[in-house]
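Below, read A as the first sequence line, B as the second, and so on, with proteins coming before strands; counting in each chain starts at 1.
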Amino acid sequence: MAEITKRSDDYSRWYQDVIAAAELAENSPVRGCMVIRPNGYAIWENIQRTLDDKFKELGHVNAYFPLLIPKSFLAKEAEHVEGFAKECAIVTHHRLKQVTVDGKTTVVPDPDSKLEEEYIIRPTSETVIWDAYRKWIQSYRDLPLLINQWANVMRWEMRTRMFLRTTEFLWQEGHTAHATAEEGRAETLQMLEAYRWFAEEILAIPVLPGPKTENERFAGAVETFSIEAMMQDNKALQAATSHDLGQNFAKAFDVKYQDAEGKVEHVWATSWGMSTRIMGALIMAHSDDNGLVLPPRIAPTKAVIVPIWKNDEEMAQMCEAARDLAAKLSPVVGTVHVDDRDKMRPGWKYGEWERKGVPVRLELGPRDLAGQQVMMAARHDRKKQPVGFAVLADAVQAELERIQTDLYDAAITRRRENTHVVDSWDAFTDLYTKGDGGFALAHWCGGGDCEEAIQQKTKVTIRNMPFERDETPGECVHCGKPSIGRVVFAQAY
RNA sequence: CGGGGCGUGGCGCAGUCCGGUAGCGCACCUGCUUUGGGAGCAGGGGGUCGCCGGUUCGAAUCCGGCCGCCCCGACCA
């Protein structure tokens, strides 16, 4: 295993090194696409399970819509096409043909199999889904319609980064239909809150929920909300979005319902999503120079037991004792792994499980067994202490909770230290050129042109306008016009 | 798509300037000794040198083209 680059030396290499060292994912033969390895996919499965339970608790059901979307569908909502046209993969043929060129056999699209109407690989599924909703919705009795889909999508990005921006990515997309604008808005906010809960309580990543500016809105939405997180390099990352789609898609796909009084109206829609990008946030939020650090609530393996021995007899004893402990622990704390591999010394194993981010390590040697105890070590702060067998389950449970809390506290402290109230353009530019960046709470006039000008000059964008923000008017940090209050600026992933 | 860097066993690299048929560390396999923070010794397996073409008696090395990866910009979740 190659050394992990230090964060202070090269943050972006560090990020890639952590992914490689923890065996989360690797590049694939397809440009911009990644192979998610078992260690990475196990985390995604936990993310899926937790979110899926939450969605269902809130009344949603799952369905599956096709990967391929007729080209004409995308064109039905004007803003939507404009937003996605530049990054669509297109399926044009349905058959290959073997040909021999210079004695070598290869395959080419069979010209005779050209599709009359080409398909695009979904960049998001609003269009196919709303085409179906037209058929499913007739009456107010069919509402609300609360459907979620777990799927892969493709957006042909110019520059990709593992998890953070890949050509193909996995996500969930919720698509709901409602009888009134108020219900739609309530759903949009409810799901944003679900994402906030998930990011903060499960992933230990503090986030700022709030509406995006008009420029940053989802193509086709009336209003877009996001949760924004700060990474260890002080850049912002949009961790999830929730869109109030108004009647835009209902009108584009002619989805109407009849209310109790017999009046026919277009329905009101929302969509909301969280993707494998969140894994990039998870990796960057907590990991250190020794590798991955995972919050216990999302970690696939909560604890690993490393037995220590000097000879075959001891090996048998320690392994048996370790398996006994694991069997007692698992029902209380979750998956516990016993690393009984021969041929590897304990020190090597410690290093490996640290790289992979397992929150708690339990060391069990002859001296421990004699004293009916283990040495318990935490991944994130390396604190080590002896714990008696009798109280082990409670102690590990408490340790996992301590780790979860520590990680959240560290992240929120880091965010506080790197969030600055900025009141002049000089201070603003200094922060992002000479300083360490981070979040700037600054006045903004509300003008899209002004927002773009700021981005042009500094590469800093308005992440969102947090619900909890200072709305006292002031002067726009850039143009000096009267402001709508302070919004959050940052360089973003 | 522009600017910079890099493609050589699984990983990290040397060799390229100055052409002579591929080497080091780690990992892997076998055996013995080991095992409380990345063990030691001995033996062993594995590479069309990113791809295509050219020059040459001979190319990892020189020339031309292409592809991919990483970093920095323009687009985005």
Whole angstrom value for the distance that separates C1' of B/G37 from CG of A/L362: 16 Å

5' precedence on RNA chain B between A/M158 and A/I308 (nearest-nucleotide basis): A/I308

Audit row: A/E399, A/R379, salt bridge (charged side-chain N to carboxylate O under 4.0 Å, His left out) steps and yes/no: CA-CA 11 Å; A/E399 186 69 346; A/R379 165 66 183 87; over 6 Å; no

Strand partner of B/G2, provided both Watson-Crick or wobble distances fall under 3.5 Å: B/C72

Mate of B/G64 where both pairing distances stay under 3.5 Å, Watson-Crick or G-U: B/C52

Inter-residue atom distance A/R122.CZ - A/T127.OG1, 0.5 Å rounding: 11.0 Å

Nearest-Å distance once atom P is located in both B/G50 and B/A42: 33 Å

Considering all heavy atoms, the nearest A/T166-A/E168 contact: OG1-O, 2.8 Å

A/M375 side-chain proximity, nearest of B/G37, B/A77, B/G36: B/G36

Who pairs with B/G58 - Watson-Crick or G-U, where each distance is under 3.5 Å: none

Parallel, tilted or perpendicular, as decided by the 30° and 60° cut-offs, for the rings of A/W353 and A/H337: tilted

Below 4.0 Å: OP1/OP2 of B/G38 and any side-chain N or O of A/R345: no

Parallel, tilted or perpendicular: rings of A/F169 and A/W171 (30°, 60°): perpendicular

Sugar-phosphate only, base, or nothing, as touched by A/S12 at under 4.0 Å among non-hydrogen atoms: sugar-phosphate

Watson-Crick or G-U wobble partner of B/G36, both distances under 3.5 Å: none

Parallel, tilted or perpendicular: rings of A/Y133 and A/W130 (30°, 60°): perpendicular

Under-4.0 Å side-chain N/O to phosphate OP1/OP2 contact, A/N27 with B/C70: yes

Listed nucleotide nearest any side-chain atom of A/E157, set B/C71, B/A74, B/C76: B/C76

Smallest separation among heavy atoms of A/I69 and A/T124, with atom names: CD1-O, 3.6 Å

Sugar-phosphate only, base, or nothing, as touched by A/K212 at under 4.0 Å among non-hydrogen atoms: nothing

Spacing of A/D17 atom CG relative to B/C70 atom P, expressed in whole Å: 13 Å

Passing candidate, side-chain contact (heavy atoms from CB on, under 4.5 Å) with A/F225, options A/F467, A/Y195, A/W272: A/F467

Atom-to-atom span, CZ of A/R159 to P of B/G3 - whole angstrom: 16 Å

Least distance between heavy atoms, A/M230 atom then A/R415 atom: SD-CA, 3.7 Å

Pairing partner of B/C11 (Watson-Crick or G-U wobble, both distances under 3.5 Å): B/G25

Rounded distance in Å - NZ (A/K349) to C1' (B/U34): 13 Å

P-based separation of B/C18 from B/C28 [nearest Å]: 41 Å

Rounded distance in Å - CD (A/E216) to P (B/A77): 7 Å

Closest non-hydrogen atom pair, A/T167 against A/W156: CG2-CE3, 3.7 Å

Distance, rounded to the nearest Å, where A/E352 contributes CD and B/G38 contributes C1': 11 Å

Nucleotide opposite B/C18 in a Watson-Crick or G-U pair, distances under 3.5 Å: none

Residues in contact with RNA chain B, drawn from residues 161-172 of chain A - heavy-atom cutoff 4.0 Å: A/R161, A/L164, A/R165, A/T166, A/F169

Residue A/R155, side-chain atoms from C-beta onward, closest of B/U35, B/G38, B/A77: B/A77

Contact summary for A/D381 and A/R402, nearest pair of heavy atoms: OD2-NH1, 2.8 Å

Contact under 4.0 Å: A/R341 side-chain N or O vs B/U35 OP1/OP2: no

Euclidean distance, atom NZ of residue A/K343 to atom C1' of B/C32 [Å, nearest integer]: 11 Å

Rounded distance in Å - CZ (A/R13) to P (B/G12): 10 Å

Whole-Å C1' distance, B/C49 and B/U8: 4 Å

Pair of N/O donor and acceptor under 3.5 Å linking B/G38 base with A/E354 side chain: no

C1' atoms of B/A22 and B/G15, separation to the nearest Å: 8 Å

Euclidean distance for P, B/G23 against B/C41 (whole angstrom): 22 Å

Shortest side-chain distance from A/P366, nucleotide among B/G37, B/G36, B/A74: B/G36

Smallest separation among heavy atoms of A/L164 and A/R277, with atom names: O-NE, 3.0 Å

Nearest-nucleotide comparison on RNA chain B, the residue closer to the 5′ end among A/E363 and A/Y493: A/E363

Nearest-Å distance once atom P is located in both B/C17 and B/G64: 14 Å

Phosphate-side-chain proximity, A/Q16 and B/C71, N/O vs OP1/OP2 below 4.0 Å: yes

Derivation and outcome, salt bridge (charged side-chain N to carboxylate O under 4.0 Å, His left out), residues A/E79 and A/R217: CA-CA 10 Å; A/E79 305 258 331; A/R217 227 170 250 168; over 6 Å; no

Nucleotide paired to B/A42 in any strand shown, Watson-Crick or G-U, under 3.5 Å: B/U30

Sugar-phosphate, base or nothing in reach of A/M315, heavy atoms under 4.0 Å: nothing

Positions of residues 231-245 of chain A (non-hydrogen atom under 4.0 Å from RNA chain B), listed by number: A/Q238

A/S275 side chain near B/A77 phosphate (N/O to OP1/OP2, under 4.0 Å): no

Pairwise C1' distance, B/A39 and B/G20 [rounded to whole Å]: 42 Å

Distance, C1' atom - from B/G19 to B/C26, rounded to whole angstrom: 31 Å

